[in-house]
Amino acid sequence: MDESWLDHCTAEMFCCLRAVRRLSVEKVFLQCVLQSRALSGADAINALRPFYFAVHPDFFGQHPKEREVNENSLKRLNGYLENLQKPGFRSFKPTQLTFYVREREPNSSSVQESFSASGFRAVSFTLHTRDLLSTVLDILNSCSLSTEHIQSLNVNSQPHKEAKSTVNRPIKWDKTYYSFTGFKDPEEELEQAQRVETTLISWLDDNEASAVKKLKKSLPLRKELERLKFELSHQLQLSDIRWQRSWGVAHRCSQLHSLGRLVQQRPEVLKNVKGRTVVFTDRSGMSAAGHIMLGTMDVHHHWTKIFERLPNYYKLQKRLLFLEDRISQLLGGIQVIYIEELQPLLTLEEYYETLDSFYNKLRDSRLPFHPRSLRGLQMVLESDRYAPSLHEFGHFMIPTVCDPTTLQWFIFAKAQQARENLKRKEEMMITEKELIDTSTEKFSLDRLYKEPSVSSAQMIDCCKRLLEESLPYLQGMHLCISHFYSVLQDGDLCIPWNWKN
């Protein structure tokens, strides 16, 4: 029999069967769930490969807002998946996630998500599952991604040894499959996105004109934003007004106009905001840092409720500070801190529960720390870690599930290094500020700033190398040090901290 004819028939049969297989997906799922054991971590990662390819931040280099959302959501998702694999871990909280999913054929989906003109759609879902298999299925279904490959994973409680190895192998199509079908190879796409390197000079050459045009267009809105921010801060006697995400100037102005209308309509509900910081973010409430969070998707009714609850939030905040002080006393005077730039955004209630659980464990363990022996040191509590670690800035990162004995040993062993890191942090921050000021002056920048995910060490390295260059393109521009190249919608230039010559 002619092999080419056989290959052709096989391919046609494969295409015809795809529709049939879609109809039997629910039956396959039921068989998987009934016969399944808990997936291993490796199985889960393999099963989620289509999802990772669809949301990987490297594909969103020209869309910094969407890239940031996906990066943050992936961190939270990875923490959730890690918790599922912890032996005996039972304290699960529903986790709401938002991802921008790359879409090749948006019209082919029957699910009603919000599509953008850029080839991706926003998908939000809440995870509340307690095993890896259910979680993987929830994620793929929420993103309208195929789950047919799940049946090929080795999830049977008693796998048949006599079964052919091809039955349980993970699906990894040969390169000829993509050549024949015309589909894009996701692994090849990802490799290309990571492999492409752009030099700073060539990128500025190509994008200066576009950035200047956008910047000039945004100048009136920038002035309006500063005016609105100043007037509202003065009127409400706020400490500051901030934004959690890199929203555009027009978006920020709209949010301030909305807050201004609420001030006019319900001035009595804002009587308790004096001295506070308002943060526009994804949800409403009070943050672990004590800031008033206003969800940008919420209406005035939700904001009003938050302002009315402020007296209760302030009472809870006092209890939270008391808990931090009690933990500090049990741990030899080490200071418990919450760092907005480095930790997930938590509500006051979420952070209080974390502190309370940790405090009860410490109190019962009666660790023999000498009073005030660790004064001057700092620690943060994290719910998505297994083992304690020491940050380059000198603070301890302590898992909430950390064994007290392990915690005691680790702090004693790393205390001196922590003090050295804290001293180095102060020196680095001074150096960083000096280099930012020098770079701003040399290149006549209107503004030079960095993303929170860029460390001081990275910023220092970037500025030192910039100062060795002659860059007339930057005069009057807004320059953001990031992890990728991009021109933001209002003309800000984003360059990676490790840019290439």
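In this text, all values refer to a predicted model and were calculated from it rather than measured experimentally. These values consider heavy atoms only, across backbone and side chains, with no hydrogens, waters or symmetry-generated copies.
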Do Ser73 and Thr98 meet the criterion of a side-chain donor-acceptor pair at a distance under 3.5 Å?
no
Taking atom CZ of Arg227 as the centre, report whether more than 12 heavy atoms of other residues, nucleotides or ligands fall under 6.0 Å from it.
yes
May I ask you to say whether Arg242 pairs ionically with Glu340, meaning some side-chain N is under 4.0 Å from a carboxylate O?
yes
Going by atom types only, do His395 and Gln335 share a side-chain donor-acceptor pair under 3.5 Å?
no
Quick check for you: to the nearest 0.5 Å, what is the distance between Met459 atom CE and Lys464 atom NZ?
13.0 Å
For the residue pair Arg424 / Asn421, report whether a side-chain donor-acceptor contact shorter than 3.5 Å exists.
yes
Please evaluate residues Phe51 and Phe99 with respect to the criterion ring-ring contact (aromatic ring centres under 6.0 Å, His included), reporting the C-alpha separation (whole Å), side-chain torsions for both, the decisive distance (0.1 Å), and the verdict.
CA-CA 10 Å; Phe51 166 75; Phe99 285 99; 5.0 Å; yes
Does Arg276 reach the main-chain N or O of Gly290 with its side chain, forming a donor-acceptor pair under 3.5 Å?
yes
Any side-chain donor paired with an acceptor under 3.5 Å for Arg121 and Tyr100?
no
Closer than 3.5 angstrom, by distance alone: can the side chain of Thr347 be matched with the main-chain N or O of Ser287 as a donor-acceptor pair?
no
Check: Leu225 and Leu221 side chains under 4.5 Å, non-hydrogen atoms:
no
For the pair Asn207 (side chain) and Trp203 (backbone), establish whether a donor and an acceptor sit closer than 3.5 Å, ignoring hydrogens and angles.
yes
Atom pair NE2 (His301) and OG1 (Thr304), whose distance is rounded to the nearest 0.5 Å:
8.0 Å
Closer than 4.0 angstrom, basic N to acidic O: yes or no for Glu350 and Arg283?
yes
Verdict with supporting geometry, Tyr359 and Leu355, side chain to side chain contact (heavy atoms under 4.5 Å, CB included):
CA-CA 6 Å; Tyr359 169 68; Leu355 288 172; 6.0 Å; no
Determine whether the side chains of Asp492 and Tyr449 contain a donor N or O and an acceptor N or O closer than 3.5 Å.
yes
Output the distance between atom CH2 (Trp303) and atom OG (Ser258), rounded to the nearest 0.5 Å.
4.0 Å
To the closest 0.5 Å, what do you measure between CG (Leu228) and NZ (Lys223)?
14.5 Å
What verdict does the salt bridge (charged side-chain N to carboxylate O under 4.0 Å, His left out) test give for Lys229 and Asp240, after you've listed the backbone C-alpha separation in whole Å, the side-chain angles of each residue and the deciding distance to 0.1 Å?
CA-CA 9 Å; Lys229 183 178 177 181; Asp240 195 10; 3.7 Å; yes
Whether over 12 other heavy atoms sit under 6.0 Å from Arg465 CZ
yes
Distance (rounded to the nearest 0.5 Å) between Leu259 CG and Ser254 OG
11.5 Å
What verdict does the side chain to side chain contact (heavy atoms under 4.5 Å, CB included) test give for Leu479 and Phe443, after you've listed the backbone C-alpha separation in whole Å, the side-chain angles of each residue and the deciding distance to 0.1 Å?
CA-CA 10 Å; Leu479 182 63; Phe443 300 116; over 6 Å; no
Between Ser439 and Ile436, does a side chain to side chain contact (heavy atoms under 4.5 Å, CB included) hold up when you go through it step by step?
CA-CA 5 Å; Ser439 301; Ile436 289 175; 5.9 Å; no
Find the distance between CG (Leu316) and CE (Met286) and round it off to the nearest 0.5 Å.
9.0 Å
Could you check Phe125 against Gln96 for side chain to side chain contact (heavy atoms under 4.5 Å, CB included), going step by step and ending with a plain yes or no?
CA-CA 6 Å; Phe125 54 90; Gln96 184 173 0; over 6 Å; no
May I ask you to say whether Lys450 pairs ionically with Glu432, meaning some side-chain N is under 4.0 Å from a carboxylate O?
yes
